[in-house]
Amino acid sequence: MTEGAGNGAAAIRVEEVSHQYLPARGRPVLALDRVSLEVREREFLALLGPSGCGKSTLLYLIGGFLPIGAGRIEVGGRAVTEPGPDRGIVFQHFALFPWKTVRENVMYGLAKQGLAKDEQARRAQEFIDLVKLTGFEDSYPAQLSGGMKQRAALARTLAIDPQILLMDEPFGALDAQTRILMQEELLSIWQRRRKTVVFVTHDVQEAVYLAERVAVMSARPGRIKEIVDCRFSLSGPALFKSPEFVERVDHVWNLVRGEAIAAQGGSA
Amino acid sequence: MTATLWRYTPLFLIFALWEAGTRLGIISKWALPTFSSVVAAWFSLMEGGELFYHAAASLMRGMAGLGLAIVVGTTLGVLMAWVKPVRVIFNPIVQLFYPMPKSALIPIMILWLGLGHASKIVLIFLGCMLPVTISAFNGARGVEPVLIWSARSLGATRSAVLREIILPAAMPEILAGIRTALALSFVLLVSSELVIAREGLGYLIGWLGDGGVYTSMFAVVLTVAGLGFVADRLYLALMKRMLAWRE
Amino acid sequence: MARVATGRAHDLVGATLWSVVQSGSIIVVLIGWELLARSGLFTAFLLPTLSSVLARVVEDATSGLLFFDLAVTLYRAVLGFAIAAVAGIALGILIARIPAIHWLFDPIVSIGFPMPKVAFLPVFMLWFGVYDFSKISMIVFNAIFPVIAATVAGTQGVDKHLVWSARSLGAKPGEILREIILPAALPQILTGLQVALPTALIVAIVTEIIMGGDGLGASMIRASRYADSPGVFAGIVEIAAAGWLVIKGVEWLRRRLLVWHQETQGLATM
């Protein structure tokens, strides 16, 4: 990434947030333990950690989908209490409405904003074109490949123009080639329409490549272990072979490795 | 324990309302005898041995018909899935008879087999066989080919694959089909006994109803309902144990 | 898409041809019936010939009796089913969403679903008599449980990510119910309805057999009382035809309502 991180002001402020959940059987589990984090305006931040470290839970809390047990989360200076169109979300398994076509999916959020029908259609088309799904407007999700579904989900979220984009392992269900293409595409969209992005992943290389800062989380109960700056002087495919990129991936990998082993042992 | 009690409280509420409504005369005694008198009638039917006698007759018929249906239906379904000639011969017949409301066969069964056990057993067998056949067929068709290939490459013969791979893999669907058949067997049993019979719970209900002995009739109706429920719960427990490998 | 359409047309021709070939065994069974009945091994009372049974069906059709009985039976079954469907879906949603209603109805449904409700038939006769109201109430009582159970399971099983997506796109609670939860639960609700409709028909026939009056079941049992065995067999054929009509009807409806669903999109995946 050649550009500097956003302008310093906090878009999202997470203060001392803890979260417990009650599994169907057994005792309550502490998923997040007094996590504090600041995401800057128009910054691309990755939340990285082993499975079960609570990174998705943190994202859902920011989204307002789960009640905040202890602590406080502010978005744009206001406390989060429920979901809202200021925070768009993209899920790993797309969560497209399967009974609606691609166009109808993208128009759904626009209709909720009270736009006129033709304005909805115009904007939907704009975003369908942006994610390169032109020609598939009238397809149902079941007719699309995984990558195309994720593009459609991205278009649906981008269309309502949220300031913040929450992404929950969005490329986790895609095959390796599609995933690389989607990463490129996401970066190019982000460079054109700067938004604050919080990107959850367990893929070290993906995190270091995409994000400006990578927040590494510890195994359960989740805490922020270290925040690693991942801005580079290079960009594009050449970056992957550059020594500084390789060295940074190595550093982050070493942070995560211990946690992944702890998570494996801890779950037994 | 308290959780279970709390869960079933609404049922006790219904019985309490029933008792109160009939005692206070809000509900006519002719339409609904008091709950306590129904309970008393149940105990006297038990003591006299009638309830036991008729229940035994009904349960024997139900189990015989359902047992036959399970054995024949499962065999036919699995064979239809994996042996093409069997499928070609039986599929159209299954498709033809499946949508038919089996209660329509009651008069013919009486015509052919009389008023005794045989007509009920065959009716239940014919009615319950098709749901079992179809679920066994679907289950066996849905078995992952890699499982079969693995077994074959490990040296299993064709018939061993059928018994040791396909049947267990199809078991979840077969067991679900049998549950449908179990419910259907009660329906067919009770309705055929209500139409005409010399013994059985359905017969007893009809006989008591015709004689105007409503307290006893309600007692038997509730017994049948309870038996159906208990049979389903026992079957669910059995199913859970048999499918323990699915976690 | 064009390829998909021609593929379907092709399939249709193939399927029709194949079904003719496949009906071989049915033809064999029917011919076997006719020959067996003519062989003299059974009396015409025990096994009338297929031709005489079919002649009776044609006679019933030309006299109009068949259509009257069919209409009466289907009217009861379909009306009972419709009431059970509307009430069952409404109740199912309430049970799934309101804890107090869940508490009240959950044990009733979990006991009512598996119990043999035909046992209550004499009770319904005692309370409501033997006419339409009694028969249709009995049908509703039998058909409503699968609808409730399927609706509860369907609405509770909706992927939470769908609901979250809609909320974050700005949908209000009522809109989420109408626009997300109901369509997402529709496949399962339809499965419940597909159990309920044949149940409604079975119970319609049983009530007609036991309570008498008119309709396919009643006509058949009357024929049986008069020892008119071609009439009984003709009744079975007619009832089977009604069952076939009803089942094909729901299958068609399901395909129409679930165009978006994977099960109807099998050919079109990339």
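Only heavy atoms go into these numbers, but all of them, side chains included; no hydrogens, no water, no symmetry mates. A, B, ... follow the sequence lines: proteins, then strands. Residue 1 opens every chain.
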Next item on the list: Examine distances only and state if a side-chain atom of C/W127 and a backbone atom of B/A31 form a donor-acceptor pair shorter than 3.5 Å.
Entry: yes
Margin query: Quick check on side-chain contact (heavy atoms from CB on, under 4.5 Å): which of B/L182, B/L236, B/D232 does C/P114 satisfy it with?
Written below: B/D232
Note to self: Distance check, rounded to the nearest 0.5 Å: B/I89 atom CD1 versus C/S25 atom OG?
What the structure shows: 7.0 Å
Margin query: Let me confirm one number: the CD1-CZ distance from C/I26 to B/F97, rounded to the nearest 0.5 Å.
Written below: 8.0 Å
Notebook entry, point to check: Do B/M100 and C/I236 come close enough that some side-chain heavy atom pair is under 4.5 Å?
Noted result: yes
Check: Side chain, backbone, both or neither: which part of C/I239 has a non-hydrogen atom closer than 4.5 Å to chain B?
Finding: both
Note to self: Do C/F120 and B/V224 make a side-chain contact, defined as non-hydrogen atoms from C-beta onward lying under 4.5 Å apart?
What the structure shows: no
Item checked: Options C/N142, C/V206, C/V28, C/L121, ranked by heavy-atom pairs under 4.5 Å with chain B, top entry -> C/V206
Notebook entry, point to check: Going by heavy atoms in the side chains, are C/V123 and B/M217 under 4.5 Å from each other?
Noted result: yes
Notebook entry, point to check: Roughly how far apart are C/L46 CG and B/L111 CG, rounded to 0.5 Å?
Noted result: 5.5 Å
Item checked: Nearest-0.5 Å distance, CE of residue C/M211 to CG of residue B/L194 -> 10.0 Å
Note to self: So which residue, B/L32, B/L11, B/I196, B/I108, ends up with the most heavy-atom pairs under 4.5 Å with chain C?
What the structure shows: B/I108
Checklist line | Atom group of C/V118 that falls short of 4.5 Å from chain B, counting heavy atoms | finding: both
Check: Is it the backbone or the side chain of C/P122 that comes under 4.5 Å from a heavy atom of chain B, or both, or neither?
Finding: both
Check: Does the side chain of C/D106 reach to within under 4.5 Å of the side chain of B/Y8, using non-hydrogen atoms?
Finding: no
Note to self: I need the residue from B/W112, B/Y98, B/F186 with the largest number of non-hydrogen atom pairs under 4.5 Å to chain C.
What the structure shows: B/W112
Next item on the list: Kindly indicate, with the supporting measurements, whether the criterion side chain to side chain contact (heavy atoms under 4.5 Å, CB included) is fulfilled by B/T9 and C/W103.
Entry: CA-CA 9 Å; B/T9 308; C/W103 173 78; 3.7 Å; yes
Margin query: Does any backbone or side-chain atom of C/I209 lie under 4.5 Å from a heavy atom of chain B? Answer side chain, backbone, both or neither.
Written below: side chain
Notebook entry, point to check: With chain C, which of B/I93, B/V230, B/L189 has the greatest number of heavy-atom pairs at distances under 4.5 Å?
Noted result: B/I93
Checklist line | Spatial distance of atom CG (B/L105) from atom CE (C/M220) [nearest 0.5 Å] | finding: 8.0 Å
Checklist line | Side-chain heavy-atom pair B/K102, C/I202 within 4.5 angstrom cut-off | finding: no
Margin query: What part of B/L188 gets within 4.5 angstrom of chain C, counting heavy atoms only: side chain, backbone, both, or neither?
Written below: neither
Checklist line | For B/R233 against C/S110, the heavy-atom pair lying closest together | finding: NH2-O, 3.4 Å
Checklist line | Engaged part of C/F105 at the chain B interface, taking heavy atoms whose separation is under 4.5 Å | finding: neither
Notebook entry, point to check: Is the closest side-chain heavy-atom distance between B/I14 and C/I108 below 4.5 Å?
Noted result: yes
Next item on the list: With a 4.5 angstrom heavy-atom cut-off, could you sort out which part of B/Y214 is near chain C: side chain, backbone, both or neither?
Entry: side chain
Item checked: Pick from C/A240, C/A119, C/G235 with the largest number of heavy-atom pairs that fall under 4.5 Å of chain B -> C/A119
Notebook entry, point to check: Does any non-hydrogen side-chain atom of B/P99 lie less than 4.5 Å from one of C/V246?
Noted result: no
Checklist line | C/S224 and B/I110, any side-chain heavy atoms less than 4.5 Å apart | finding: no
Checklist line | Residue among B/A183, B/S191, B/G209 with most heavy-atom pairs under 4.5 Å to chain C | finding: B/S191
